[in-house]
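Comments concern the structure below.
Numbers here are sequence positions counted from 1.
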Amino acid sequence: QVQLVESGGGLVQPGGSLRLSCAASRSIFGINVMGWYRQAPGKERELVATISSGGATNYADSVKGRFTISRDNDKKTMYLQMNSLKPEDTAGYYCKYRSFGIDYWGQGTQVTVSS
């Protein structure tokens with residue numbers, strides 16, 4: 001069992017940056033995949049980026065080149081560095097941890113990109 005807590009969301013102007021963090025209650029060493037998902041009102045939750053325990057990353061086309069996913073296993077934390085933010089990035093952002101077919105979700109943190 002692992003609890004996940006996101007932080008770092010907020011209000012930012014277009015073109016600005018935010019760094020989201022996802023802190024895990026337990027060790028994230030081992031075989032697993034962690035990822036960031038987002039969901040805007042009235043829309044389905046979509047994958048933003050994933051990072052495996054081996055360091056392999058995957059990004060949605062809409063964020064490629066602007067967002068960077070990373071993890072620090074010693075700190076039990078995953079990050080999402082978001083640069084060049086657009087209004088279309090506005091959504092609740094959720095952290096997910098998957099290990100051996102079991103998913104764990106954080107409560108989400110709101111990102112609002114607006115002038």
Residue pairs fulfilling disulfide bond (SG atoms under 2.5 Å apart) with at least one residue in residues 71-108, sequence neighbours excluded: Cys22-Cys95
Here the pair of heavy atoms bringing Phe100 nearest to Ile31 is CE1-O, 4.2 Å
Taking distance alone, no hydrogens or angles, what donor-acceptor pairs closer than 3.5 Å link side-chain atoms of residues 10-20 to residues at least two apart or in another chain?
from: Ser17; atom 1: OG; to: Asn83; atom 2: OD1; distance (Å): 2.9

Could you name each residue pair satisfying salt bridge (charged side-chain N to carboxylate O under 4.0 Å, His left out) that touches residues 68-77, not counting sequence neighbours? none
Begin with the C-alpha distance, continue with both residues' side-chain angles, and end with the deciding distance and a verdict on side-chain contact (heavy atoms from CB on, under 4.5 Å) for Gln81 and Ile69. CA-CA 6 Å; Gln81 178 66 47; Ile69 189 170; over 6 Å; no
Shortest non-hydrogen contact from Ala49 toward Leu80: CB-CD1, 4.5 Å
Applied to residues 6-17, the salt bridge (charged side-chain N to carboxylate O under 4.0 Å, His left out) test, sequence neighbours excluded, yields none
Check against side-chain contact (heavy atoms from CB on, under 4.5 Å), Tyr93 and Gln39: CA-CA 7 Å; Tyr93 282 71; Gln39 186 169 25; over 6 Å; no
Quick one: does Thr50's side chain have a donor or acceptor within less than 3.5 Å of a partner on Gly35's backbone? no
Salt bridge (charged side-chain N to carboxylate O under 4.0 Å, His left out): pairs with one or both residues in residues 23-41, sequence neighbours excluded: Arg38-Glu46, Arg38-Asp89
Suppose clustering is done on Ile, Leu, Val, Met, Phe, Trp and Tyr with side-chain heavy atoms closer than 4.5 Å. Which residues sit in the same group as Val33? none
Kindly state each residue pair satisfying disulfide bond (SG atoms under 2.5 Å apart) with at least one member in residues 33-88, sequence neighbours excluded. none
Please determine whether side-chain contact (heavy atoms from CB on, under 4.5 Å) holds for the pair Val113 and Lys86, giving the CA-CA distance in whole Å, both sets of side-chain angles, and the decisive distance to 0.1 Å. CA-CA 6 Å; Val113 185; Lys86 305 174 181 179; 5.5 Å; no
Mind jotting down which residue pairs meet the ring-ring contact (aromatic ring centres under 6.0 Å, His included) criterion with at least one end in residues 18-48? Sequence neighbours excluded, please. Tyr37-Trp105
Is there a side-chain contact between Ile28 and Met34, using heavy atoms and a 4.5 Å cut-off? yes
Which distance, rounded to the nearest 0.5 Å, do you find between the CG of Asn73 and the CE of Met78? 11.5 Å
All heavy atoms of Val63 vs all of Val48, minimum pair found to be CG2-O, 3.6 Å
Is it possible for you to say whether Tyr94 and Leu47 belong to one hydrophobic cluster, with membership spreading through side-chain heavy-atom contacts below 4.5 Å? yes
Mark yes or no for whether Ser25, through its side chain, and Gln3, through its backbone, hold a donor-acceptor pair below 3.5 Å. yes
With the side chain counted from C-beta on, respond yes when Arg98 and Asn32 share a heavy-atom pair under 4.5 Å apart, and no when they do not. no
Pairs flagged by disulfide bond (SG atoms under 2.5 Å apart) wherever residues 54-85 is involved - sequence neighbours left out: none
With sequence neighbours left out, write down each residue that passes side chain to side chain contact (heavy atoms under 4.5 Å, CB included) with Ala40, or none if nothing qualifies. Lys43, Ala91
Rounded to the nearest 0.5 angstrom, the CD-CG distance for Gln107 and Leu4 is 8.5 Å
Provide the full list of disulfide bond (SG atoms under 2.5 Å apart) pairs with a residue in residues 55-86, sequence neighbours left out, each pair given once. none
ring-ring contact (aromatic ring centres under 6.0 Å, His included): pairs with one or both residues in residues 40-91, sequence neighbours excluded: none
